Each structure stands twice: as C-alpha cells, then as structure tokens.
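First the structure, in the form of structure tokens, and then the observations on it.
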Amino acid sequence: MAVITFDRVSVTYPEADRPTLDQVSFALPEGDLCLVVGSTGTGKSTLLGAINGLVPHFTGGLLSGRVLVDGRDTAHHRPRDLADVVGYVGQDPLRGFVTDTVEDEVAYGMEQLGIDPVAMRKRVEETLDLVGIADLRRRPLVELSGGQQQRVAIAAVLAAQPRVLVLDEPTSALDPTAAQDVLSAIATLVHEVGLTVVLAEHRLERVMQAADSMIWLPGDGSLVHGSPREVLARATVTPPLAELARIVGWDEVPLSVREARRRALAEDLAPTAPRRAPANGRPVALAARGVEVRFGDVVAVDGVDVALPQGSVTALLGRNGAGKSSLLWALQGALTCAGEITAGGQDPRRLSAAEARRLVTLVPQTAADLLYLPTVAAECAQADAESDAAPGTTAALLTALGVDVPDERDPRDLSEGQRLALVLAVQLAARPPVLLLDEPTRGLDYRAKAELHRIVDRLAATGVAVVISTHDVEFAALASTRTLLMADGEIIAEGTTADLLTSSPAYAPQMAKVFAPLPVLTPADVRGGL
Amino acid sequence: MDGRARVPVAVVAAALIGLVAFSWPLFLRPESGMSATQAPIMFALVLPTVLAVVLSEIAGGRMDARSLAMLGVLAAVGTILRPLSAGTAGFELVFFLMILAGRVFGAGFGFALGAITLFTSALITSGVGPWLPYQMLAAGMVGLFAGLLPRAGGRAEILLLAAYGMVSAFAYGWVMDFSFWPFGIGEDTQISFDPALGPLENLHRFVLYNIATSMGWNLGRALTNAVVIALLGVPLLRLLRRSARQARFAPASSAQPLAE
Amino acid sequence: MERTEALNQVHPWAWWCWAIGIGIAVSGTTNPLLLALVATAMIAVVMLRRSAAPWARSVRAYLLLSLFVIGMRVFFQIVLGGGRGETVLFALPEIPLPAWAAGIQLGGTVTAEALTATLYDALRLAVMLLCIGAANALANPRQALRSVPAALYEASVAVVIALSVAPQLIESVQRVRRARRLRGASSTSLKALATVAMPVLADAIERSMSLAAGMEARGFARTRGLPTRGTLPLMLVSSMAATIGVFLLLSTSWWQPALGLLVAGVTVAGFGLRAAGRRLRVTTYRPQPWRGRDTLVAATGVLAAVLVLGLGWLDPTTLSPALAAILDPAALAPTTDPLAWPQLTLPMFVVIGLVLAPVPLTRARKVAQTASTRNDTRVRSLRPQVERPKVPAWR
C-alpha cells in the first residue's frame with residue numbers, strides 16, 4: 001500500500017518559463033527510506049514540499065496532477081492539515097524553531113493540533129527518548145550543537161506521530177560526526193518505528209547504503225525512481241563509489257565501502273598512488289607563530305603555528321568548534337589575537353582593512369554577509385572601487401568563475417553556488433596572494449564542488465596560497481595538497497593530504513577506505529593508477 | 001458586523017479611547033478626589049483591555065503564519081535596536097522600522113508591529129509598568145498612520161516617509177510626556193500640571209515643561225528617524241516589498257480550488 | 001521533580017496583582033513613614049522570593065530610577081517651585097523669563113514646606129516605581145506569556161517569536177559587522193549602517209519565511225475558526241464604557257457610578273475576550289496552574305489597595321471619635337504647611353503586613369530557584385549579549 005502517490009504532477013512557479021516538475025508519477029510504499037538526489041535547482045525542494053502541500057499552498061506556483069499522502073489529496077488539505085501525517089524538517093533547524101527550549105519545541109506541534117495536555121505530556125517524553133535527547137530537555141535551542149538541533153527538529157515533528165518524515169538536506173550544515181548522529185537517528189526511525197522517510201541529501205556517500213529506493217531529478221522536469229543501484233548507474237550525481245564503479249567498469253554500483261572493498265579485493269584491484277609534488281620548497285606566502293585567540297575564558301585557538309607556501313592548497317579539517325574559523329579570521333587580521341603573523345613582510349593586523357585584504361582575503365562561512373547591494377552589477381562595481389581595480393574586473397572574474405547571471409539579479413535570489421562565486425569574485429578583485437575559504441562547500445552539489453576545485457587549482461597555479469576549512473573530506477582529498485587537522489584550538493596533525501587522510505579512520509575518504517592501505521584518495525587517483 | 005470592517009472599527013475605537021487616555025490632563029478636576037499621579041494609572045488599567053481587543057482582532061483569525069512570522073521577526077529587530085540605541089540623547093532606532101513596515105504591509109500590520117515591539121522590548125528590559133500600555137498604543141499609532149499615508153513613489157515617497165518620521169517622533173514624544181507629565185516633574189512647580197487651572201493654562205504650562213525637559217530628546221528622535229529613513233529607506237522598502245510580493249501569490253495561483 | 005517545581009512557582013499574574021495592588025495603595029498616601037516601610041517590605045519580599053533569573057536583578061535598576069526621580073523632583077522644585085510656606089531655607093537669585101513663558105520665574109526663595117511636600121510626593125512615586133520593579137523582578141515573563149487569554153494567542157506567538165529570534169539576530173549583527181572588514185570597509189559613518197543593516201535584515205526576513213514554513217507544516221492555525229459574531233461590538237462597547245468610567249472618575253465627583261462603569265466595562269470586555277478565544281482550540285503544554293496560594297498572594301495586594309483607598313475616602317467627621325482615633329484617615333496625607341511630624345497608625349501596620357504576606361505564603365527561594373530555570377532562556381540569553389560582546393557564532 002503506497003503511502004505517498006504522485007500522479008502526473010507538474011509544478012510551475014510564476015516567474016519560471018518551464019515547469020520545475022513535469023508530469024511526474026511515482027508511488028512510495030509504507031516504511032521505505034527514499035533518497036532524493038539531483039543537482040541544485042533541479043527541484044528537490046519542490047518535490048519534498050509537494051508531499052505536505054507547502055508547494056503550492058505556501059510557496060505559490062501552479063500544481064497540476066494529484067498528490068495523495070495517506071489518502072489525503074494535498075489540493076484539499078493545506079500543510080497544516082497534514083501535520084499529523086507528514087513531518088517536514090528543513091535545512092537549517094535553528095531557522096524553523098518557534099520556541100526556545102527543547103521541550104517546548106517538541107510540544108509546539110501538539111499544541112497546534114489541540115492534543116490534550118495529559119496525553120501531550122506523555123508523548124513529549126516518548127519522543128524525547130525515541131530520538132535520544134531526553135537529557136537535553138531543558139536546554140535552550142541556541143546553545144545546542146548543529147547535530148543536536150537537527151535531532152530536536154526531527155523530534156518536534158515526530159511528536160505529532162506522522163507516518164511520513166520528509167527531510168530536506170538535514171546534514172548539509174553539520175560536521176561528519178554530527179551528520180552521522182542525525183543519519184543514524186533517521187535509520188532507527190525507519191527500522192524500529194517503521195516510518196516512511198523521504199530524504200534529500202547532497203553527500204550521498206553517507207546514506208546510500210541505508211536507502212530502499214532513490215529518486216533522481218535530472219533537471220529537465222522528469223524523475224527517475226528505482227532501486228539505488230539502478231538509479232546510481234544512470235544518474236549524473238556521482239558519489240565516489242558510483243564513480244569508482246564507472247571507472248573500473250562494474251555493472252553494479254557498490255552501496256557501501258565494505259561492498260566495494262570486498263569486490264576490489266576479489267578482483268585484485270591495486271591502483272598505484274599518484275606522485276604528489278610537495279609544495280614545501282616554495283617561498284612562504286603567510287607565516288604565523290603562536291596564534292592565540294580568546295573569547296572571554298574560552299581559548300578558541302591555542303598557540304598555532306602555520307606556514308603557507310605560495311601556490312599551495314591547504315585543507316583545514318576538524319570538528320565544529322575546533323577553532324578552524326577563529327584561526328582563519330585571525331590569519332586575516334580581522335580578529336584580535338596574540339602571536340606573530342606575517343604576510344608579504346607585513347602584519348595584516350596592523351594594516352587598515354582595505355590594505356589587509358590585499359594581503360590576505362577571507363570568504364566567510366556565511367558568504368552572504370558581505371553582500372548588501374540590490375543587484376549583482378552594483379556589487380561588482382562596488383568591489384572594483386574597493387579594490388582599486390579597473391571597472392569590470394569583478395564582473396570579468398565572475399564570468400571566469402563560470403557564473404553567468406543577469407546583472408540586475410538580486411544577489412539574494414542566487415543559488416548557494418552562484419552566491420559563493422559572487423563573493424569569491426568580489427574578494428579576488430583585490431588580487432590577494434593568500435586566500436582563505438571558510439566552509440565553502442556547504443550546500444554545494446557535486447558539480448559545483450568540481451567547479452570550485454577547478455577554480456582553486458587555477459588560483460594555486462598562479463601562486464596564490466589557498467586554505468580551505470571544510471567538513472567534506474572527499475572535497476579536501478580532491479582539492480588540497482596539504483592538510484592541517486585541528487582539535488580543541490590546536491593543530492594536532494600536519495602533513496600532505498595523502499598521508500594524513502589515509503592514516504586517519506575518521507577523516508579517510510571513501511577511496512582510501514576501499515583501497516587501504518594504498519594512499520589513493522579520489523576516484524581520479526584510481527583512474528590514473530590503474 | 002462585516003468581517004472586513006472589523007479591523008478598522010477596532011482600530012478607530014482604540015484610537016478614540018487612546019485619545020481620551022492620553023489627554024487626561026485636560027479634564028482631570030480637583031473635585032474628583034483623584035491625584036494627577038493616579039490618573040495615568042487608572043487608564044493603564046483600561047488600556048490593556050483595549051489593546052488586547054485590537055491585537056486579537058488584527059492578529060487573530062486573519063493573519064497567516066507568514067505575516068505572523070514576519071511580525072515576530074521585525075519585532076525582534078526593533079527589540080534589539082531599542083536597547084542598542086537608547087541612552088544617547090534621543091538617538092532612537094526603534095521607529096523607522098515600524099514606519100517602513102507599516103507603509104509596506106499596511107496599517108493593521110504597522111499597529112501590531114509598533115505595539116508588539118514595545119511589549120517585547122519591555123519584557124526583555126524589565127520595563128513593564130503603567131507606561132507600557134501608553135507606549136504600545138502610541139507606537140502602534142506611529143505604525144498605523146504610516147500605513148495610511150498617501151500614495152507616492154520614488155524620491156517623493158522617501159521624502160514623505162522621512163517627514164512623517166519627524167512628525168511622528170514629535171507626536172510620540174508629546175503624547176507620552178503629556179500623559180506622564182506629573183511623573184516627570186511632580187505637582188507643585190510652576191510648570192507642573194495643576195488640575196485647578198483649566199485646560200488652556202495647563203496646555204501652556206505643558207509647552208513650557210516640554211521645551212524645558214524633552215525638546216532635545218524629541219528633536220534627536222525626529223532627526224534620527226529622518227536620517228535613517230533617508231539613508232536606508234530605498235533598499236529597505238525594496239527588501240520588504242520583495243517579501244510582501246513573495247508572500248502574496250500563494251493560494252490564488254494554485255491549480256485546484258482549495259477547500260478551506 | 002517537575003511537579004514540585006511547578007508547585008514552587010507563584011503564578012506571574014498573582015505577583016503582578018499583588019504588586020499593582022500595593023502600587024495603588026501607595027498612590028493613596030504621602031505619609032513618608034508608611035512609604036519608607038512599604039519600600040523596605042517590598043525589597044525584603046523581592047530579596048527573599050526572587051529567582052536566579054536575569055530579570056530578578058531588575059529591582060536595582062528601579063531603585064536607581066526611583067532615586068533619580070526624587071532628585072529630579074527636588075531640583076525642579078528648587079529652580080521652578082513657587083514660594084509656598086514661611087520657613088525659608090535659602091534664597092536663589094530670581095530670573096524672570098520672557099513674555100511667552102508668562103508667570104514663570106526661575107529661582108526665588110526655597111521653603112521647607114514646599115520642599116517637604118515635594119519630597120513626600122516624589123517618595124510616593126518612587127515607591128510606586130519600586131512596586132513595578134518588584135513585579136518585574138518576581139514574575140516570570142515567559143510564564144506570564146503562556147497564560148494570556150486564548151484570543152491573544154496569535155499576538156503572543158509573535159512575541160514568542162520575537163523573543164527567540166532576537167538573540168540570533170544579535171549574533172547575526174555581530175557576524176556581519178565583523179565581516180565588513182573583509183571587504184575593506186573600516187568607516188564608522190552613517191553610511192556604514194547600510195552595510196550592516198541590509199544583510200542582517202535580509203537574513204531576518206528570510207528567517208521569517210522558513211519559520212513560517214515550519215509553523216505551517218506543524219499545524220499552526222489548524223484549529224482556528226472564524227471570529228465569533230458579536231464579540232467585537234461587545235468588547236468595543238465595554239472598553240468604551242470602561243474609558244468613560246475613568247473619564248467620569250477623573251473629571252467629576254460621582255465616583256460610585258464611574259467606578260461601577262469602569263468595573264463593569266473591564267469585566268464584560270474580559271468575558272468578550274474569553275468568548276473570542278473560543279474560536280481557537282490549541283492546548284498548552286504544562287500550563288501553569290492557578291492555585292489557592294496564588295489567589296491569596298493576589299488578594300493581599302487587592303486588600304491593601306482597598307484598605308488605603310477606602311481609608312482615604314472616609315470622612316473622619318462621620319466616625320465615632322474612638323474609631324476616628326484608631327483609623328485616623330488624615331495620617332495618610334500628613335500636612336506639610338505647617339510642617340508636622342507624620343504619624344503611623346494601626347491600619348498602616350496592616351498594610352505593611354499585607355506587603356509582607358507573600359513571604360509566609362510562598363516557599364523558600366532555594367526551591368524556587370530550580371523552578372525559575374525552566375524556560376527562562378529567552379530573556380536570559382539576550383541580556384548578556386546586549387551588555388557585552390559575545391563569543392562569535394561559530395564557537
């Protein structure tokens with residue numbers, strides 16, 4: 001018995017010239033974990049929103065065809081009328097919270113449904129236990145870590161006892177450990193409670209082994225629904241294991257590292273690792289000694305030494321709160337800190353803001369913070385003026401970065417990747433010899449990440465020293481030559497990316513796990529090594 | 001009563017009641033046995049009822065989740081701006097947002113935003129007291145009239161809003177000072193309220209009192225409003241209108257008729 | 001454990017009722033001895049019964065405000081006061097003002113009578129402020145918000161949102177301000193306001209959209225019906241009646257019908273609100289119960305108000321001499337011209353007793369402390385951020 005049925009569903013937004021979803025049909029049986037994949041802008045969020053009627057009731061747009069959820073037609077039921085059938089969890093949990101403590105947030109949905117206080121009391125307890133957050137009940141939501149917040153968000157919709165759980169990229173803002181926490185909580189719900197879960201996710205490598213079925217949105221409005229193996233064999237969305245399968249010519253995509261490793265061992269695959277040229281001999285673009293950042297009693301960065309050779313790409317890894325961002329801000333000179341920092345013979349902290357960004361430039365985690373003008377063209381012109389660059393420099397950079405958006409577009413309407421490119425162009429207009437990127441891969445799909453990799457490579461080739469702080473080990477493996485590992489404000493390991501990532505169980509990319517102990521990091525390494 | 005007329009009727013009634021409450025120094029008589037300090041407190045007991053009626057009428061029943069979330073978030077912005085800006089003579093950043101939001105989202109929203117901003121701010125700063133209903137009503141009116149200003153576009157609109165910002169700043173200061181006059185200066189100086197004197201003489205005294213004690217504040221508040229609206233008016237109006245537009249196309253454009 | 005917590009928390013509206021009652025009682029007297037004793041008792045109750053929550057410290061701010069009010073009053077009395085009374089303390093040079101300020105002169109003689117009268121009156125206002133401060137310190141605003149009438153549910157949701165979003169917005173402001181340097185902006189001019197305000201507000205508005213989607217998806221307004229017909233005219237007419245009641249109370253001597261109109265108006269409007277709230281069927285998670293103890297705390301305030309105001313309205317000449325001597329209504333407003341030492345009477349001690357009554361009626365602070373830690377984070381988390389820079393968002 002299908003719990004979700006899409007029957008020739010099309011969705012067209014008012015300002016769009018073609019439908020986002022075009023005559024799509026599928027049915028999900030009860031108890032399935034269905035993974036929705038596709039590049040940014042192919043309609044993943046639209047598909048998820050259509051399940052509980054947020055599309056079109058809330059977002060606007062035109063929906064034709066029929067969406068049936070547990071027998072209810074979303075045309076006649078507004079999202080709020082489906083609250084007891086579909087639980088919907090968005091990308092950034094903190095933004096969807098109505099109240100401020102864990103317990104109240106969990107109770108909120110039931111208050112809306114008018115559930116009797118006595119029954120509510122009991123259900124809150126049950127739900128807290130189910131998601132494993134009973135010990136957090138009194139905590140303020142803002143003080144929780146990202147993974148905890150996401151689990152609270154899940155608990156908050158579960159309290160209404162829905163039959164379907166819809167999650168729109170629930171782990172995109174989380175570090176690997178927290179993401180794992182959330183995903184295992186979801187897996188528990190599928191296996192123990194029998195919930196039907198529809199999950200959109202950029203980094204498939206984490207979840208594909210748990211999926212029962214997969215929906216791929218190629219981007220032309222159509223939809224492919226099938227078993228993960230079938231879909232992954234066709235999809236252009238390629239997690240490392242799918243890419244590996246294509247490279248070595250496997251007909252079936254392995255869904256887990258274990259599966260791939262067994263098969264690789266059985267077939268005696270042993271790619272030779274590529275030779276990586278060390279960047280150590282080159283002159284240092286930025287050197288820092290004993291950097292220490294304090295916020296009140298909290299020591300965020302504790303005596304860190306860094307040397308960035310020209311033309312190197314350094315990955316900065318570590319848990320949330322390990323001090324990665326603080327270190328980057330300190331290196332830029334924008335954060336008060338102790339220690340020595342030298343870039344191009346000068347200390348960026350002693351320079352004016354305008355001069356400092358010509359030595360070291362930083363693209364912050366929330367890149368949109370830097371944008372305040374109404375159009376892309378205005379931002380570009382302002383950036384030219386700030387950097388004393390010739391008019392048109394930033395616009396040209398933006399084009400070179402592979403982003404082509406209309407000049408009069410509002411920067412807030414751009415996609416995550418386009419916005420990142422715009423901020424990157426704005427910051428690169430100053431032609432800095434050192435570029436610091438704080439979590440640039442957040443919310444980027446595989447294609448956008450490949451694009452970013454290309455950009456970083458090109459910058460490094462011109463001698464720019466690049467630092468990328470990231471949670472995405474696959475991206476770090478792809479883009480960086482050196483890696484710094486931070487924990488608790490200190491750098492606990494430093495070395496070439498190949499050495500460091502293959503030797504760490506937590507940070508090893510999937511290819512390294514498949515071919516351990518060979519120092520192979522990415523599918524491209526495998527292709528080159530066979 | 002016609003459903004559509006409910007909000008305007010409630011708001012007009014609140015304005016009338018507010019007018020009586022704010023102007024008590026004009027009709028307090030010595031023979032009543034009430035002192036000038038007690039008068040605003042008597043009204044402070046009645047005004048919450050009126051505010052409750054109006055707010056439940058504006059927010060309840062008609063406001064959807066989107067307007068309510070917008071109301072809450074904008075009130076949060078005002079709430080942080082208030083303590084950030086208070087203290088420096090009259091440099092008050094709390095009003096410009098009510099004015100711009102009232103202009104974009106309409107008079108009812110403006111009223112609710114004004115009242116709720118002041119209420120939230122009082123909760124956070126422990127400023128709940130008899131003055132709060134007065135402040136809520138006055139700030140609500142600032143947002144309300146911003147929504148009733150005549151049509152204008154481009155530069156004329158900014159000019160209009162900045163001018164309204166100045167006028168409303170003075171009006172807010174005057175009505176608040178007037179109703180809490182005895183709180184500010186007591187009852188037996190030459191510029192104090194004296195129930196025995198009659199409305200005209202008292203008004204004259206009030207003008208002197210106001211010039212002596214709060215001219216600087218009112219002027220500062222008026223200039224802040226005008227400058228901030230002149231500076232941020234264009235981008236902010238665009239921003240608010242953008243979200244108002246996004247919010248509008250929802251149910252009307254969906255394919256099937258909705259069973260409400 | 002939670003049961004005992006709830007048991008130890010006095011309902012916020014009970015505290016407010018108590019404090020307002022005392023405040024109204026205070027407004028009916030200028031006796032400095034009584035005022036000083038009420039103030040002391042008030043502070044004692046706050047110190048014994050307040051929680052560890054941030055708003056519990058607000059009484060200090062109110063104390064300072066009270067002192068400021070007294071200072072202001074005395075200053076204006078000296079500079080602008082009329083020369084009433086005979087006991088001249090000192091004289092200031094007289095400065096006549098221009099014609100438009102006719103009748104007013106600065107300076108002149110300062111008399112003990114005028115100064116004492118001002119001090120008494122200022123003290124009364126100061127103690128009223130203190131009552132409000134006490135309520136702010138004792139009542140949990142978060143709990144109070146949970147117990148608003150159902151008709152105000154939507155408005156209270158907006159306040160709840162505002163309270164929970166505000167700390168996040170402060171972080172957003174700090175983040176954006178720090179980020180400005182990255183683009184080379186170092187000016188602190190008014191123009192820089194836009195570079196901070198625009199990203200923060202844009203972010204805030206986007207936030208409101210995802211918040212609304214979350215509310216909608218979780219069933220907000222699902223049980224909302226259409227407004228009940230007839231409630232609005234009822235509420236408006238009764239509010240008008242209450243207003244007219246106050247108007248009559250202030251402008252005429254017919255206090256009985258005026259008071260009747262006021263009470264009737266407020267009561268009917270209350271019922272109207274209640275009826276209007278029926279269109280909504282949301283429930284409350286762990287509602288704060290109203291217990292007998294809360295009624296007692298509220299009643300002490302009402303009793304104090306009735307006692308003092310009733311005493312003030314008494315005509316001593318109609319009382320038997322013995323009763324008049326005990327009650328002595330005139331002692332509530334001691335004369336300042338000629339100066340006389342204020343007296344304490346029996347009813348005044350009863351008032352002090354009523355102010356102190358919540359101490360034995362409620363339990364000790366230690367237990368109340370754990371109770372207050374619940375759900376108070378909104379206000380708590382905002383305070384320190386307003387006052388001092390915080391660890392940035394990413395920590």
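Since this is a predicted model, take the numbers as computed values, not measurements. Order of the sequence lines sets the chain letters (A, B, ...), proteins ahead of strands, with each chain counted from 1.
Closest of all the heavy-atom pairs between B:Ala59 and C:Ala155 is CB-N, 4.0 Å. Shortest non-hydrogen contact noted between C:Leu273 and B:Ser56 is CD2-OG, 4.3 Å. Closest approach of C:Ala166 to B:Ala76, counting heavy atoms only: N-CB, 3.8 Å. Of all non-hydrogen atoms in C:Ala212 and B:Arg66, the two that sit nearest each other are CB-CA, 3.5 Å. Residues C:Ile161 and B:Val73 share a closest heavy-atom pair of CG2-N, 4.1 Å.
Atom CG in C:Leu250 sits 7.0 Å away from atom CE in B:Met42 (nearest 0.5 Å).
Between chain C and the residues B:Ser121, B:Ala39, B:Ala13, B:Ala52, the largest count of heavy-atom pairs under 4.5 Å involves B:Ala52. Heavy-atom pairs under 4.5 Å with chain B were tallied for C:Arg207, C:Met198, C:Arg73, C:Met215; the largest tally goes to C:Arg73. Residue with the most contacts toward chain B among C:Val165, C:Leu169, C:Ile244: C:Leu169 (heavy-atom pairs, distance under 4.5 Å). Counting heavy-atom pairs under 4.5 Å between each of B:Val53, B:Leu74, B:Leu71 and chain C puts B:Val53 at the top. For chain C, the option among B:Thr49, B:Leu68, B:Leu55, B:Val207 with the highest count of heavy-atom pairs below 4.5 Å is B:Leu68. Looking only at heavy-atom pairs under 4.5 Å with chain C, the residue among B:Gly129, B:Pro235, B:Ala75, B:Ala44 that has the most is B:Pro235.
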Working note: B:Val128 + C:Ile132, criterion side-chain contact (heavy atoms from CB on, under 4.5 Å); need CA distance, chi angles, decisive distance, verdict. CA-CA 7 Å; B:Val128 183; C:Ile132 293 158; 5.7 Å; no
Candidate pair C:Leu309 and B:Gln38, rule side-chain contact (heavy atoms from CB on, under 4.5 Å), full reasoning: CA-CA 11 Å; C:Leu309 294 189; B:Gln38 284 170 323; 3.9 Å; yes
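Considering only heavy atoms from C-beta on, B:Phe43 comes within 4.5 Å of C:Thr243 through its side chain. Two residues are said to be in side-chain contact when any heavy atoms from C-beta on lie closer than 4.5 Å; C:Met128 and B:Ile41 meet this criterion. For the pair B:Leu45 and C:Val266, the minimum side-chain heavy-atom distance is 4.5 Å or more. Side-chain contact between C:Leu145 and B:Phe119 is present, with at least one heavy-atom pair separated by less than 4.5 Å. Taking the side chain as every heavy atom from C-beta outward, C:Thr252 and B:Arg29 never approach each other to under 4.5 Å. You'll find the side chain of C:Val157 stays beyond 4.5 Å of the side chain of B:Met63, heavy atoms only. For the pair B:Thr120 and C:Leu163, the minimum side-chain heavy-atom distance is below 4.5 Å. Residues B:Leu232 and C:Leu201 fail the side-chain proximity criterion, which asks for heavy atoms closer than 4.5 Å.
With a 4.5 angstrom heavy-atom cutoff, B:Pro48 does not touch chain C via any of its atoms. Interface remark: C:Leu129 contributes side-chain atoms only to the contact with chain B (heavy atom separation under 4.5 Å). In this structure, chain C has heavy atoms under 4.5 Å from both the backbone and the side chain of B:Val77. Both the backbone and the side chain of C:Leu249 come within contact range of chain B, with heavy atoms under 4.5 Å apart. Interface remark: C:Met240 contributes backbone and side-chain atoms alike to the contact with chain B (heavy atom separation under 4.5 Å). B:Leu47 does not touch chain C: none of its heavy atoms, backbone or side chain, sits under 4.5 Å away. Contact of C:Leu125 with chain B is made through the side chain alone, with heavy-atom distances under 4.5 Å. In this structure, chain B has a heavy atom under 4.5 Å from the side chain of C:Trp16, while its backbone stays farther away. Neither the backbone nor the side chain of C:Leu234 comes within less than 4.5 Å of any heavy atom of chain B. Only the side chain of C:Leu262 comes within less than 4.5 Å of a heavy atom in chain B; its backbone stays farther off. For C:Ala197, the part lying near chain B is the side chain, with the backbone staying farther off; criterion is any non-hydrogen pair under 4.5 Å.
Take C:Ser239 and apply the side chain to side chain donor-acceptor pair (under 3.5 Å) test, not counting sequence neighbours, and it matches no residue. Under the ring-ring contact (aromatic ring centres under 6.0 Å, His included) criterion, C:Phe75 pairs with no residue at all, not counting sequence neighbours.
Using cut-offs of 30° and 60° for the angle between ring planes, the C:Phe247 and B:Phe27 rings count as tilted.
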